[in-house]
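The figures here come from the full heavy-atom set of this structure, side chains too, leaving out hydrogens, waters and symmetry mates. For ligands, and for the atoms within them, numbers begin at 1 and follow the listed sequence. From a predicted model like this one, the values you see are computed outputs, not experimental measurements.
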Amino acid sequence: MKLAVIGTGYVGLVAGVCFAEAGNDVLCVDVDEAKLARLRAGELTIYEPGLEHLFARNLREERLHFTNDLATAVSHADIVFLALPTPQGESGEADLSYILGCARDIGGLLEKYSVVVTKSTVPVGTADKVRAAIDEAMQARGASVEFDVASNPEFLREGVAVEDFLKPERVVIGTDSARAEELLRELYHPFVLSGNPILVMDSRSAEITKYAANAMLAVRISFMNEIASLCEACDANVDFVRLGIGLDSRIGKRFLFAGTGYGGSCFPKDVSALVMTGREFDAPQRLSEATQQINQDQKKTLLPRIETHFDNDLIGKKFAVWGIAFKPNTDDIREAPALIIIDELVKRGATVSAYDAEAMPPAKRVLAPLGAAVHFAQNPYEACDEADALIIVTEWNSFRDPDWEQMRARLKNAVIFDGRNIYELETASNHGFTYYSIGRPTVRPQ
Ligand code: NAD
């Protein structure tokens, strides 16, 4: 099938590569010339496990191309996917300007039947707006070309995006057109050979499904973070509580880990957009509203412990920070809790020596305004050199089984503030550390 994917970011690039891998002829469009130049030269612009060899193979076998020319892409494609940004607008709503601007451009260009599919996360009612925008632009040029609109929200998780895309647990398609449904079923058939379902529904339900999924996950995280605070306040251990509830099949074990809060490009903006949509339709989303507030507070949860430990004086203190990406296996630092923690430490007069396995380049750009207060280390142990304590913010696998002796030798004090609970309490204390974590008792050296 001939496809166009408009927007070549995390979603568009992974989708483009994976669709090409299934044998489709994919033309990816972006307005970012620097990004296009790198991609055309065979250089990936994001870090995503497993993406590199698929990208290289499909470039080499010429099923994957990149252009800045929307007209070429529209005339090429049977299906046009919109994988454009839907950032948080000024009042917290989803900003649809990229989607609707592109829909208008497509309306100005369509010459043959196509399905225009929104893969971006968009609020309920967007499919109708996309259809209207295309129609309007078409009418303005006196054309009348048949087209369909569909919603196909994307559920991939950064860090395992390729696996998620190639073997989705479900594919959601929102459309009222049998023709569009047939094309999309054919396209997705190779991805659901193991028997996972393609769910076809009206576009409004498809649009809400995506927000409901992200908000539900965000609520679970925030719920556990509140339970963790209670555990801390009364000397209980959230690890036991997590297992105790997670083994109940009605609840399930996943997404029950307490930590320094969720970040990333999706949960924060999507929860916010859902809250705004609820207000618009007079159907308040109070759980999501509370979740937003809990998560904002949670990103700072390590700070009071750090301040108390150092007698409320962080001036001149140096902290090693392990992990900047909002989660492991990605270089994405959007809304990452580490950025807030680092900023707050610097505001209190401390300096930071930070290390991340993949996110150093974007972190250097974003943290540049903090100047010399933030040093970027070559490896996790260098970050510990002469630091007053270690703060763990992202649970990269490489941090899970560290060289404890080297850590102790390089740190000024054997103190860890762990925002992801990656060590057993006993292990940290047996290795001579004072170990603060989330929702668990603080332990001291044995
Ligand atoms: P991104 O910011 O990584 O990528 C967007 C791309 O669109 C950029 O490369 C940008 O240059 C390009 N672009 C902007 N305007 C353009 C235009 N007019 N024409 C062509 N290209 C243009 O965004 P993303 O993370 O891929 O997210 C895209 C959408 O998918 C969002 O709605 C997001 O909520 C949703 N989503 C993201 C994820 C995720 O994990 N990142 C998962 C599921 C859904």
Side-chain angles (χ1 to χ4, degrees), residues 4-18 27-40 44-49 51 66-74 77 80-89 93-106 108-109 116-123 126 130 133 151-165 168-172 206-207 209-215 217-218 262-274 325-336 362:
V5 180
I6 321 293
T8 313
Y10 280 84
V11 167
L13 186 58
V14 171
V17 169
C18 293
L27 188 48
C28 292
V29 184
D30 211 288
V31 286
D32 183 337
E33 290 292 347
K35 192 178 268 191
L36 288 172
R38 288 173 63 193
L39 290 167
R40 284 194 197 106
L44 271 185
T45 45
I46 55 170
Y47 171 75
E48 197 55 55
L51 189 59
F66 296 93
T67 182
N68 63 358
D69 183 17
L70 185 64
T72 309
V74 169
V80 180
F81 283 94
L82 306 183
L84 291 161
T86 48
Q88 192 168 321
E93 78 293 356
D95 172 358
L96 287 180
S97 57
Y98 294 88
I99 296 285
L100 297 181
C102 187
R104 276 190 290 277
D105 292 344
I106 291 171
L109 295 164
V116 178
V117 181
T118 307
K119 200 163 239 329
S120 302
T121 303
V122 291
T126 301
V130 167
S151 302
N152 170 219
E154 181 50 56
F155 298 98
L156 66 75
R157 295 162 297 168
E158 287 182 21
V160 274
V162 172
E163 201 184 316
D164 282 349
F165 200 93
E169 289 179 336
R170 80 297 205 192
V171 173
V172 169
E207 288 161 343
T209 298
K210 174 64 192 178
Y211 283 102
N214 276 2
L217 295 170
Y262 60 78
S265 66
C266 293
F267 284 8
K269 82 169 172 60
D270 292 349
V271 173
S272 168
L274 183 64
F326 84 93
K327 67 175 183 179
N329 294 324
T330 179
D331 58 356
D332 198 338
I333 60 167
R334 291 178 277 187
E335 302 281 334

key: Those residues that, when tested against Asp332, pass salt bridge (charged side-chain N to carboxylate O under 4.0 Å, His left out) (two or more places apart)   = Arg334
query = In this structure, are over 12 heavy atoms from other groups packed under 6.0 Å from Glu169 atom CD?
reply = no
remark   = Using heavy atoms and a strict 4.0 Å limit, residues surrounding ligand 1 turn out to be Ile6, Gly7, Thr8, Gly9, Tyr10, Val11, Val29, Asp30, Val31, Asp32, Lys35, Ala83, Leu84, Pro85, Thr86, Tyr98, Ser120, Thr121, Glu154, Leu156, Glu158, Lys210, Ser265, Cys266, Lys269, Arg334
request  = Answer yes or no: does atom CD of Gln88 have more than 12 heavy-atom neighbours from other residues, nucleotides or ligands under 6.0 Å?
outcome  = yes
remark   = Sorted by chain and residue number, the salt bridge (charged side-chain N to carboxylate O under 4.0 Å, His left out) partners of Glu335 (sequence neighbours excluded) come out as Lys299
query = Going by atom types alone, do Asp69 and Thr67 pair a side-chain donor with an acceptor below 3.5 Å?
reply = no
ask   = Can you name the salt bridge (charged side-chain N to carboxylate O under 4.0 Å, His left out) partners of Lys35, sequence neighbours left out?
value = none
